[in-house]
Amino acid sequence: MKKSRIFAAALSAMLLCGCGADTESSTSSESSAPAATTPAVTTDAESTENEPGYVPGERDQNGVYIAEGYAARLEYPLNEKNITYAAKRFTYVYEEYLSGSCDNIYVSVIPDKNYFLAEKNGYPALDYAELTAQLTGQMDFAEYIDIFPMLELSDYYRTDTHWRQEKITDVAAHIAGEMGVSLSAEYTEKTLDEPFYGVHCRQADIDIEPDTLIYLENDTLSECRVYDGETDSYTDVYNMELAAGDDPYEIFLSGAKSLLTIENPAAPQEKELVIFRDSFASSLAPLLAEGYSKITLVDIRYLAPQLLGRFVDFHGQDILFIYSAPVLNNSTTIK
């Protein structure tokens with residue numbers, strides 16, 4: 001316990017000293033990391049004003065539009081510099097920590113709702129195939145897991161950016177299978193009592209029916225413990241204290257955290273996974289817990305990669321880089 005307190009204190013100190021992510025600013029100075037050029041930031045107005053047939057603000061509010069009963073926030077154009085920057089940061093993690101110690105390394109890209117909505121409804125859209133090709137082409141150390149064919153619009157909340165946990169059990173099984181792990185768990189659906197008004201309801205004044213937030217439970221997940229290195233404390237997989245907050249999606253693994261571990265005492269084997277991730281993985285990771293004794297989740301938007309070796313021991317774990325298209329296209333949030 002003393003060691004974990006030191007761990008938590010050190011991690012908290014790092015975050016308080018400026019290693020936390022500032023989503024509105026460029027990447028912080030990293031004197032001990034390889035030099036990297038921070039991509040230029042393009043504003044929403046600049047990124048869409050020259051798109052033929054699209055007039056900013058005409059059919060959207062603060063970049064948020066409604067189509068087919070779903071709200072989405074415009075993400076356009078493809079920022080090649082940001083994709084390259086993300087790939088460079090992931091490559092730094094590989095070269096510094098994974099090369100020679102971890103052989104099974106994977107990368108996956110999560111499409112946002114614009115993939116299903118934007119172009120067909122007359123809004124400017126990313127070239128998702130090009131985004132994926134550019135990222136994976138600069139990560140030859142990682143095997144690509146394609147999840148695009150497994151997703152559809154109904155897998156996402158209507159009022160929020162994220163995917164619905166109850167809709168992605170097949171995605172989790174596919175990812176696990178590509179990593180050599182079999183998932184067979186069955187789940188019970190639990191529903192929050194209050195309606196779920198997602199992030200798009202805070203980004204714009206929109207008239208749309210709220211979502212219902214469902215989370216999945218079973219005996220395995222009820223036995224899992226989640227260690228938060230920032231607070232030196234254990235929580236459940238679902239932090240129900242956050243259900244009544246501004247963002248109920250944060251019940252999944254307590255929301256934005258730099259470093260978490262899910263410990264599964266019922267795992268069939270001593271097998272570990274490290275996920276480099278954004279918030280989409282908060283609802284995905286619990287579905288992968290069945291196949292691993294320990295899953296470590298690292299968010300390098302909050303924990304600078306050059307500090308990672310102080311907190312994670314890499315020793316042959318499976319490694320998964322999984323990020324949503326908007327985070328990759330705005331990768332200045334990555335340290």
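The figures that follow rest on heavy atoms only: side chains count, while hydrogens, waters and symmetry mates do not.
- When side chains are defined from C-beta on, Thr132 counts as touching Phe148, because their heavy atoms get closer than 4.5 Å.
- Judged by distance alone, with hydrogens and angles left aside, the side-chain atoms of Gln165 form a donor-acceptor pair with the main-chain N or O of Leu216 at under 3.5 Å.
- Side-chain N/O atoms of Asn330 and Glu75 include a donor and acceptor closer than 3.5 Å.
- Without hydrogens or angle criteria, Ser283 side chain to Phe252 main chain gives no donor-acceptor distance under 3.5 Å.
- Contact annotation: the side chain of Tyr197 never approaches that of Asp160 to less than 4.5 Å [non-hydrogen atoms, C-beta and beyond].
- Proximity of Val93 to Phe90: side-chain heavy atoms (C-beta onward) are nowhere separated by under 4.5 Å.
- Aromatic ring pairs are classed by plane angle as parallel below 30°, tilted from 30° to 60° and perpendicular above 60°; the pair Phe276 and Phe314 is parallel.
- If you chain together hydrophobic residues whose side chains sit under 4.5 Å apart, Tyr292 and Leu260 fall into the same group.
- No more than 12 heavy-atom neighbours from other residues, nucleotides or ligands sit within 6.0 angstrom of CD on Glu241.
- For the residue pair Ser258 and Arg301, no side-chain donor N or O sits within less than 3.5 Å of a side-chain acceptor on the partner.
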Residues 166-176 side chain polar contacts: donor-acceptor under 3.5 Å, at least two apart:
from   : atom 1 : to     : atom 2 : distance (Å)
Glu166 : OE2    : Arg164 : NE     : 2.6
Glu166 : OE2    : Arg164 : NH2    : 3.0
His174 : NE2    : Asp146 : O      : 3.3

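- Grouping the Ile, Leu, Val, Met, Phe, Trp and Tyr side chains by contacts below 4.5 angstrom, directly or via other members, places Met240 apart from Ile214.
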Begin from the C-alpha positions of Asp228 and Ser233 and carry the test side chain to side chain donor-acceptor pair (under 3.5 Å) through to its verdict. CA-CA 6 Å; Asp228 181 347; Ser233 62; 5.0 Å; no

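- Asp211 places no side-chain N or O within 3.5 Å of a backbone atom of Leu213 that could act as its donor or acceptor partner.
- A pairwise comparison of heavy atoms in Leu153 and Lys113 identifies CD1-CG, 4.2 Å as the closest pair.
- Put simply, the side chain of Val109 reaches to within 4.5 Å of the side chain of Leu135, judged on heavy atoms.
- Partners of Glu250 according to the salt bridge (Lys or Arg N to Asp or Glu O under 4.0 Å) rule, which considers only residues two or more places apart in sequence or in another chain, do not exist here.
- Taking hydrophobic clusters as Ile, Leu, Val, Met, Phe, Trp and Tyr residues chained together by side-chain heavy-atom distances below 4.5 Å, Ile66 does not share a cluster with Tyr123.
- A donor and an acceptor atom, one from each side chain of Asn264 and Ser293, are nowhere located under 3.5 Å apart.
- Of the N and O atoms on the side chains of Asp313 and Tyr97, not one donor lies less than 3.5 Å from an acceptor on the other residue.
- Residues Glu68 and Asn121 bring a donor and an acceptor atom of their side chains to less than 3.5 Å of each other.
- Atoms CZ and CG, from Phe141 and Leu98 in turn, are 7.5 Å apart once rounded to the nearest 0.5 Å.
- Here Lys88 contributes atom NZ and Lys81 contributes atom NZ; the two are 10.5 Å apart, rounded to the nearest 0.5 Å.
- In the model, Asp112 has a side-chain atom that pairs as donor or acceptor with a side-chain atom of Tyr128 under 3.5 Å.
- Ring orientation note: the planes of Tyr157 and Tyr249 are nearly perpendicular, at an angle over 60° on the 30°/60° scale.
- Shown here is Lys294, whose NZ atom has no more than 12 heavy atoms of other residues, nucleotides or ligands within 6.0 Å.
- Residues Ser108 and Ile145 share a closest heavy-atom pair of OG-O, 2.8 Å.
- Linking Ile, Leu, Val, Met, Phe, Trp and Tyr residues whenever their side-chain heavy atoms come within less than 4.5 Å leaves Val64 and Tyr70 in two separate clusters.
- No side-chain donor-acceptor contact under 3.5 Å links Tyr238 to the backbone of Ile251.
- With rounding to the nearest 0.5 Å, the separation of NZ in Lys120 from OH in Tyr115 is 11.5 Å.
- The side-chain heavy atoms of Met139 and Phe321, taken from C-beta on, include a pair separated by under 4.5 Å.
- Val327 and Val199 fall into different hydrophobic clusters, where Ile, Leu, Val, Met, Phe, Trp and Tyr are joined by side-chain heavy atoms under 4.5 Å apart, directly or via other members.
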Passes side-chain contact (heavy atoms from CB on, under 4.5 Å), Ile83 versus Tyr85? Steps please. CA-CA 5 Å; Ile83 305 306; Tyr85 177 75; over 6 Å; no

Kindly determine whether Phe280 and His162 satisfy ring pair (Phe, Tyr, Trp, His ring centres under 6.0 Å), including the steps that lead there. CA-CA 6 Å; Phe280 276 75; His162 297 100; 5.0 Å; yes

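- Proximity of a side-chain donor or acceptor of Arg158 to a complementary backbone N or O of Glu209 within less than 3.5 Å is detected.
- With Tyr234 as the aromatic partner, Arg225 meets the cation-pi criteria of under 6.0 angstrom to the ring centre and within 45 degrees of the ring axis.
- If you check the side chains of Ser184 and Glu290, you find a donor sitting under 3.5 Å from an acceptor.
- Aromatic ring centres of Tyr144 and Tyr106: separated by at least 6.0 Å.
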